[in-house]
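Here's the structure we're looking at; comments come further down.
Worth saying up front: this structure is predicted, and the values here are computed from it rather than measured. Whatever order the structure lists ligands and atoms in, that order sets their numbers, starting from 1. This chain uses plain numbering: 1 for the first residue, then up along the sequence. Values below: every heavy atom of this structure, side chains too, minus hydrogens, waters and symmetry copies.
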Amino acid sequence: MNDLLGRPLRNLRLSVTDRCNLRCEYCMPEDDYVWLPREDVLHFEETSALVDVFLALGVDKIRLTGGEPLLRRDLPALVRMIAGKAGLKDLALTTNGVLLADQIDALKAAGLGRITVSLDTLHRDRFVKLTRFDQLDAVHTGIAAAQRAFGRMKIDTVVIRGVNDDELVALLEYGRAVNGEVRFIEYMDVGGASQWSPSRVVSRREILDALAARYGRIAPIDEPGSAAPAERFALADGTTFGIISSTTEPFCRTCDRSRLTADGMWYLCLYATRGVDLRGPLRRGATADALKAIIAAGWRGRDDRGAEDRVALGDRRAFVPVQDLLRKDPHLEMHTRGG
Ligand code: SAM
């Protein structure tokens, strides 16, 4: 099933909670947030029923995210419900790693396929400043556990000028040591990034130049037909890494991702200001066919190119600049709709 720009419905980001145990300055910089009402958060059976409908319509990749997904009680139970479903080719999890060591074996046993851990700095003082929690050791322990259980992983790093842009080489070397492919992410002006400014974005070009200065020739890895957000590259010694250039060189044309929030709102673009309510119909007893019709109609009418629209703006500022507005609608937040 394709949208108006010919993009297939394939990739679903499933946010299982809007809560997080870190307060990263580029995502959740405020002291206080409006949380999704607990009674609105989907039960696993409800999430599983929606997943069935998405799979029937062509989704074959699911990434569990949040908030911090490992804060959701008994997450392995959800993984077990989803992992074996017909048509699902890839089940991944994005986590900040703080609680990973304790849960990794249960997640693996439940059928999780892949892990991505977010890590922006190797310096303890910076980690504390960036996330407001002294948890770098826990993240390292989580990464070691992921290496033991899965052999490999991805490491997501948001690059911010003046914060961690001097750590690109160190993070790449760290990734090599733990068998983690680092993906450098351009700082995005998404909801929640209320402190975003263009001058703090380190572009794909700058990231490549900095790494070339240290490693010499960097070769792009050709992946024809790939809709993955990261462009991948290889150093001369074969080490690979990725760059996600959503801010300066967005890839809306191939974007096959949509997002389901923990309370069952479906967003067709990370920058969308309105979502499609799936919880309401589900709880009112809609049949699978009725839900299918709602999702199919939403996707067939999709023409979102949110990141490209942002580039086209002359004077670019934080996407949702008004704190009051963010406070009124938690769905606008990155931590609600997942990264
Ligand atoms: N808590 C989990 C984690 O830390 O990976 C999952 C949710 S988090 C919202 C998912 C990803 O979004 C993380 O890798 C995070 O770094 C990224 N992210 C959040 N805000 C961002 C921003 N303003 N620009 C770029 N990436 C961002």
> Looking at Thr65, which atoms of ligand 1 are within less than 4.0 Å of one of its heavy atoms?
Replying inline: 6 (C), 7 (C)
>> So, regarding Glu68 and ligand 1 (criterion: nitrogen or oxygen to nitrogen or oxygen, under 3.5 Å), is there a contact or not?
In response: yes
> With a 4.0 Å cut-off, would you call Arg253 and Glu308 a salt bridge?
Replying inline: yes
>> If we set the cut-off at 4.0 Å for heavy atoms, which region of Thr94 has an atom near ligand 1: side chain, backbone, both, or neither?
In response: both
>> Please list, in number order, the atoms of ligand 1 under 4.0 Å from a heavy atom of Asp156.
In response: 14 (O)
> Considering distance alone, does some N or O of Ile185 sit under 3.5 Å from an N or O of ligand 1?
Replying inline: no
> Taking only heavy atoms of Gly67, which atoms of ligand 1 are found under 4.0 Å from at least one of them?
Replying inline: 1 (N), 2 (C), 6 (C), 7 (C)
> Looking at atom 21 (C) of ligand 1, what's its closest protein heavy atom, distance included?
Replying inline: Tyr26 CD1, 3.5 Å
> Does the pair Asp166/Arg126 count as a salt bridge with the N-to-O cut at 4.0 Å?
Replying inline: yes
> To the nearest 0.5 Å, what is the distance between CD1 (Ile62) and CG (Leu112)?
Replying inline: 11.5 Å
> With the threshold set at 4.0 Å, does a side-chain nitrogen-carboxylate oxygen contact exist between Arg200 and Glu25?
Replying inline: yes
> With distance as the sole criterion, is a donor-acceptor pair present between the side chains of Tyr271 and Asp189 under 3.5 Å?
Replying inline: yes
> Quick one: which ligand 1 atoms are inside 4.0 Å of a heavy atom on Gly66?
Replying inline: 7 (C), 9 (C)
> Do Ser245 and Glu186 have a side chain donor and acceptor closer than 3.5 Å?
Replying inline: no
> Against heavy atoms of Val190, which atoms of ligand 1 measure under 4.0 Å?
Replying inline: 22 (C), 23 (N)
>> Any carboxylate oxygen within less than 4.0 angstrom of a Lys/Arg side-chain nitrogen, looking at Asp60 and Arg10?
In response: yes
> Which atoms of ligand 1 have any heavy atom of Ala193 under 4.0 Å away?
Replying inline: 23 (N)
>> Can you see whether Thr287 engages Asp289 through a side-chain donor-acceptor pair at a distance of less than 3.5 angstrom?
In response: no
> At a non-hydrogen distance cut-off of under 4.0 Å, which region of Glu186 contacts ligand 1 (side chain, backbone, both, or neither)?
Replying inline: backbone
> Partners of Thr95 by side-chain hydrogen bond (donor to acceptor under 3.5 Å, both in side chains), sequence neighbours excluded?
Replying inline: Glu68
> What protein heavy atom sits nearest atom 24 (N) of ligand 1, and how far away is it?
Replying inline: Met188 N, 2.9 Å
> Would Arg283 and Glu46 pass as an ion pair if we require N to O under 4.0 Å?
Replying inline: yes
>> With a heavy-atom distance limit of 4.0 Å, tell me whether Thr95 approaches ligand 1 through its side chain, its backbone, both, or neither.
In response: backbone
> Nearest protein heavy atom to atom 18 (N) of ligand 1, by residue and atom, and its distance?
Replying inline: Met334 CE, 3.6 Å
> Only one of Arg232, Arg152, Lys154 clears salt bridge (charged side-chain N to carboxylate O under 4.0 Å, His left out) with Glu181; which?
Replying inline: Arg232
> atom 11 (C) of ligand 1: which protein heavy atom is closest, and how many Å away?
Replying inline: Gly339 CA, 4.1 Å
>> Show the atoms of ligand 1 that are less than 4.0 angstrom away from any heavy atom in Asn96.
In response: 2 (C), 3 (C), 4 (O), 5 (O)
>> Considering Cys27, Cys20, Ser118 one by one, which has a heavy atom nearer to atom 13 (C) of ligand 1 than any of the others?
In response: Ser118
> So which protein heavy atom does atom 26 (N) of ligand 1 come closest to, and at what separation?
Replying inline: Val158 CG2, 3.4 Å
